[in-house]
Amino acid sequence: MTVQSVICPRESKPNRKRTKSLLALALVLAAAGTARADFVEYHLGKGARILLQGKATGLPGGNMSLQHPLGTLYFDLHDCKIHTVPTLNQQYRKRLRAALNEKNAAGVFQAGVWALKHGMLDEYYEAVNETLNVDPKFEEAKRILALRDRLRKPAASRSGEADEMRRFVHRKEMKFATSDHFSLLYDTPDKPDKESRIKKPRHELRLELLERVYETFLLTFYSRGVDLEVPKERLQVVLFNNYADYKDFSTRLSPELVNASGFYLPERNISFFFDHASSERFKQLNEAAARLKGIGKDAAKGKMSGAKDIIRLANTIDLLIQVDRESNDVEVVSHEATHQMASNTGLFPHHVRVPKWVHEGLAAYFESPNDGAWSGVGAVNEQRLMFYRALEPDREHSSLNFIVGDQIFDYAVSLGAVLHGYGQAWALTHFLVEKHFDELMRFYKALGELPPDIEFTPEVLNPLFDREFGTDRSLLDQEWRSYMRSLRTDVEEVLGSK
């Protein structure tokens with residue numbers, strides 16, 4: 001059985017390391033709708049730091065609070081540095097106003113595309129409507145609104161699909177739910193966790209996220225003139241409540257899935273996930289948080305000095321763990337849902353295998369980095385960028401020939417460095433989408449014209465790539481490396497890192 005997508009193992013060395021310290025919780029907390037965006041640089045000692053986003057407020061006694069949609073975090077001001085930057089909404093409004101003042105319909109539309117790339121669907125549609133107010137004949141905007149109307153109509157249901165899915169996973173007790181475009185088999189609780197700050201059950205949150213990825217995926221390509229197919233039937237997804245059940249099922253399918261946090265199975269056209277709260281890492285984190293809460297309660301009962309600070313710290317760590325849990329779900333779902341969308345919209349051919357660097361590179365481009373919110377398309381993933389940079393000096397194994405020839409993952413597996421393979425595939429795809437989109441679309445189409453039984457070798461893939469991008473590899477390679485040197489994460493942008 002060929003498993004086309006296996007997301008990077010979450011229990012790899014970098015993730016085990018982050019379990020052991022607060023650096024495990026290094027994330028950028030999304031706080032949409034605040035009057036300003038404060039990035040709080042929190043120093044952990046020995047040069048380690050995390051960057052948190054929200055609304056910072058100074059408190060008496062040299063402390064500060066940071067407001068987040070899930071709750072409030074507390075820190076010592078002496079350990080922090082606050083960077084105030086415009087919110088995403090403010091940046092979008094500035095672009096929109098400038099284009100509207102110039103009555104530039106194309107500029108208004110591009111302001112919407114900017115919003116879409118940053119996960120702002122409502123603002124995107126607002127800009128599309130404003131585009132038509134400036135120019136009622138603007139065809140791209142008309143196409144987008146026509147697509148939106150199509151997406152508002154639920155996809156067709158398949159007769160007996162719930163029982164068919166249950167038989168495949170051998171779990172008759174699993175429940176079934178649908179959204180406009182997804183069918184979900186699940187065994188997570190139908191009520192929110194009592195300890196959770198999120199007041200919706202897990203399966204509803206999962207369907208909402210899947211719908212957001214679905215819509216954003218299609219809009220991204222339609223906005224650039226590529227009319228993909230809108231799937232006629234709902235896409236199928238399975239969500240396990242317990243990691244152990246998920247692992248038993250996935251490893252029965254393939255030993256390759258032993259460390260996968262989620263996967264798309266093209267033979268069945270189903271994506272599979274589990275609730276990350278049930279993983280061993282999160283169990284350990286939650287146990288540690290519970291112990292700290294207990295210490296705080298005992299200190300309060302004994303009227304010990306510092307009891308209030310212990311309780312605040314325990315609550316802060318508990319919140320960070322919950323945000324990290326959401327982050328893991330978002331990152332895995334956005335990655336695997338991209339695989340499923342690419343295979344069901346005609347972007348990638350159904351009858352031909354797709355080179356691994358192509359499939360994984362696109363999924364990594366669309367995945368939301370580990371920041372606790374759907375952050376849109378093409379965001380600079382800090383981990384991917386780190387692994388790209390680590391291999392970049394090795395000009396033999398980070399070369400276009402080696403990646404395009406689909407040798408990079410074989411090389412990475414042999415060295416136990418799969419993350420480096422994902423980093424290179426992500427980096428090349430990021431560059432091609434942003435700088436050579438039309439050529440990349442022609443290359444995808446050319447893959448679909450290959451014979452179904454074709455064996456992907458460097459001798460097959462490199463000439464096909466050259467046909468669309470040109471034969472001067474050295475020039476393209478130079479452009480790619482220059483582009484990657486200019487690419488910076490949100491953290492680097494805020495802190496002015498080089």
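Because the structure is a prediction, the values reported are computed rather than measured. In what follows, residues are counted from 1 in the order of the sequence shown.
- Pairing each heavy atom of Val169 with each of Met174, the nearest pair is CG2-SD, 3.9 Å.
- The main-chain N or O of Ala99 is never found under 3.5 Å from a side-chain atom of Asn104 such that the two would form a donor-acceptor pair.
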**Study point:** side-chain contact (heavy atoms from CB on, under 4.5 Å) between Val128 and Phe109, intermediate numbers included
**Key:** CA-CA 6 Å; Val128 170; Phe109 187 79; 4.2 Å; yes

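- Between the CD1 atom in Ile270 and the CG atom in Leu185 there is a gap of 8.5 Å [rounded to 0.5 Å].
- A salt bridge is absent between Glu161 and Arg234: the closest approach of a Lys/Arg side-chain nitrogen to an acidic carboxylate oxygen does not fall below 4.0 angstrom.
- Interatomic distance, Arg224 CZ to Asp438 CG, rounded to the nearest 0.5 Å: 7.5 Å.
- Around the NZ atom of Lys175, the shell of radius 6.0 Å holds more than 12 heavy atoms that belong to other residues, nucleotides or ligands.
- Considering only heavy atoms from C-beta on, Thr178 stays 4.5 Å or farther from Leu207 through its side chain.
- Looking at every heavy atom in both residues, Asp406 comes nearest to Lys356 through OD2-N, 3.0 Å.
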Between side-chain atoms of residues 428-437 and protein atoms elsewhere (two or more places apart, or another chain), which donor-acceptor pairs fall under 3.5 Å?
| unit_1 | atom_1 | unit_2 | atom_2 | d |
| --- | --- | --- | --- | --- |
| Thr429 | OG1 | Ala425 | O | 2.8 |
| His430 | ND1 | Tyr483 | OH | 2.8 |
| His430 | NE2 | Gly378 | O | 2.8 |
| Glu434 | OE1 | Lys117 | NZ | 3.1 |
| Glu434 | OE2 | Lys117 | NZ | 2.8 |
| Glu434 | OE2 | Tyr365 | OH | 2.5 |
| His436 | ND1 | Glu439 | OE2 | 3.1 |
| His436 | NE2 | Glu479 | OE1 | 3.1 |
| His436 | NE2 | Glu479 | OE2 | 3.2 |

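- The ring-ring contact (aromatic ring centres under 6.0 Å, His included) test with Tyr246 singles out one residue from Phe272, Phe274, Tyr186, and that residue is Phe274.
- Side-chain N/O atoms of Tyr422 and Glu367 include no donor and acceptor closer than 3.5 Å.
- Side chains of Trp426 and Val380 form a contact here, defined as non-hydrogen atoms less than 4.5 Å apart.
- One finds the CG atom of Leu147 at 9.5 Å from the CG atom of Leu228 (value rounded to the nearest 0.5 Å).
- Aromatic ring pairs are classed by plane angle as parallel below 30°, tilted from 30° to 60° and perpendicular above 60°; the pair Phe443 and Trp357 is parallel.
- Rounding to the nearest 0.5 Å places CG of Leu205 at 5.5 Å from CZ of Arg202.
- Nearest approach of Ser223 to Leu116, heavy atoms of both residues: OG-CD2, 4.1 Å.
- Looking at Arg97 and Glu130, no side-chain N of the basic residue comes within less than 4.0 Å of a carboxylate O on the acidic one, giving no salt bridge.
- Looking at Thr131 and Ile144, their side chains never come closer than 4.5 Å, going by heavy atoms from C-beta outward.
- In terms of heavy atoms, His118 sits closest to Trp114 at ND1-O, 2.8 Å.
- Contact of the Phe366 side chain with the Met341 side chain is not registered, since no non-hydrogen atoms from C-beta on lie closer than 4.5 Å.
- Residues Leu447 and Pro355 are in side-chain contact: their nearest non-hydrogen atoms beyond the backbone lie under 4.5 Å apart.
- At distances below 3.5 Å, at least one donor-acceptor pair connects side-chain atoms of Arg143 with backbone N or O atoms of Tyr222.
- The shortest distance between side-chain heavy atoms of Leu145 and Asn129 falls below 4.5 Å.
- The two residues Phe138 and Ala105 come nearest to each other via the heavy atoms CD1-CB, 3.7 Å.
- Side-chain N or O atoms of Glu123 include none that pairs as donor or acceptor with a backbone N or O of Arg93 at under 3.5 Å.
- Going from atom NE2 of His203 over to atom CG of Leu184 covers 7.5 Å, rounded to the nearest 0.5 Å.
- Taken to the nearest 0.5 Å, the OG atom of Ser343 stands 3.5 Å off from the NE2 atom of His359.
- Classification of Glu139 and Lys142 as a salt-bridged pair holds, one side-chain N sitting under 4.0 Å from a carboxylate O.
- Counting only heavy atoms from C-beta outward, the side chains of Leu219 and Leu121 approach each other to under 4.5 Å.
- Checking side-chain atoms of Glu211 against main-chain N and O of His181 turns up a donor-acceptor pair under 3.5 Å.
- Between the Gln91 side chain and the Pro86 main chain, a donor and an acceptor come within less than 3.5 Å of each other.
- Evaluation of the side chain to side chain donor-acceptor pair (under 3.5 Å) rule for Arg485 yields no partner, not counting sequence neighbours.
- Classified by interplanar angle (parallel below 30°, tilted 30° to 60°, perpendicular above 60°), the ring pair His339/His335 is perpendicular.
- Taking all atoms of both residues into account, the shortest heavy-atom contact from Leu487 to Arg389 is O-NH2, 3.2 Å.
- No hydrogens or angles considered: a donor-acceptor pair under 3.5 Å links the side chains of Tyr264 and Asn269.
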Practice item. Start with the C-alpha distance between Val333 and Leu210, add both sets of side-chain angles, then the distance that settles side-chain contact (heavy atoms from CB on, under 4.5 Å), and finish with yes or no. Key: CA-CA 7 Å; Val333 169; Leu210 286 165; 3.6 Å; yes

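- Aromatic ring pairs are classed by plane angle as parallel below 30°, tilted from 30° to 60° and perpendicular above 60°; the pair Tyr214 and Phe182 is perpendicular.
- Looking at residues two or more places apart in sequence or on another chain, you find no side chain to side chain donor-acceptor pair (under 3.5 Å) involving Thr345.
- Within the 4.5 Å cutoff, the side chain of Leu347 has heavy atoms near those of the Leu362 side chain.
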Exercise for review: Evaluate the criterion side-chain contact (heavy atoms from CB on, under 4.5 Å) for residue pair Tyr444 and Met441; output intermediate values, then yes/no.
Suggested key: CA-CA 5 Å; Tyr444 287 171; Met441 293 303 103; 3.6 Å; yes

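- Looking only at atom types and distance, the side chain of Ser271 has no donor-acceptor partner in the side chain of Glu336 under 3.5 Å away.
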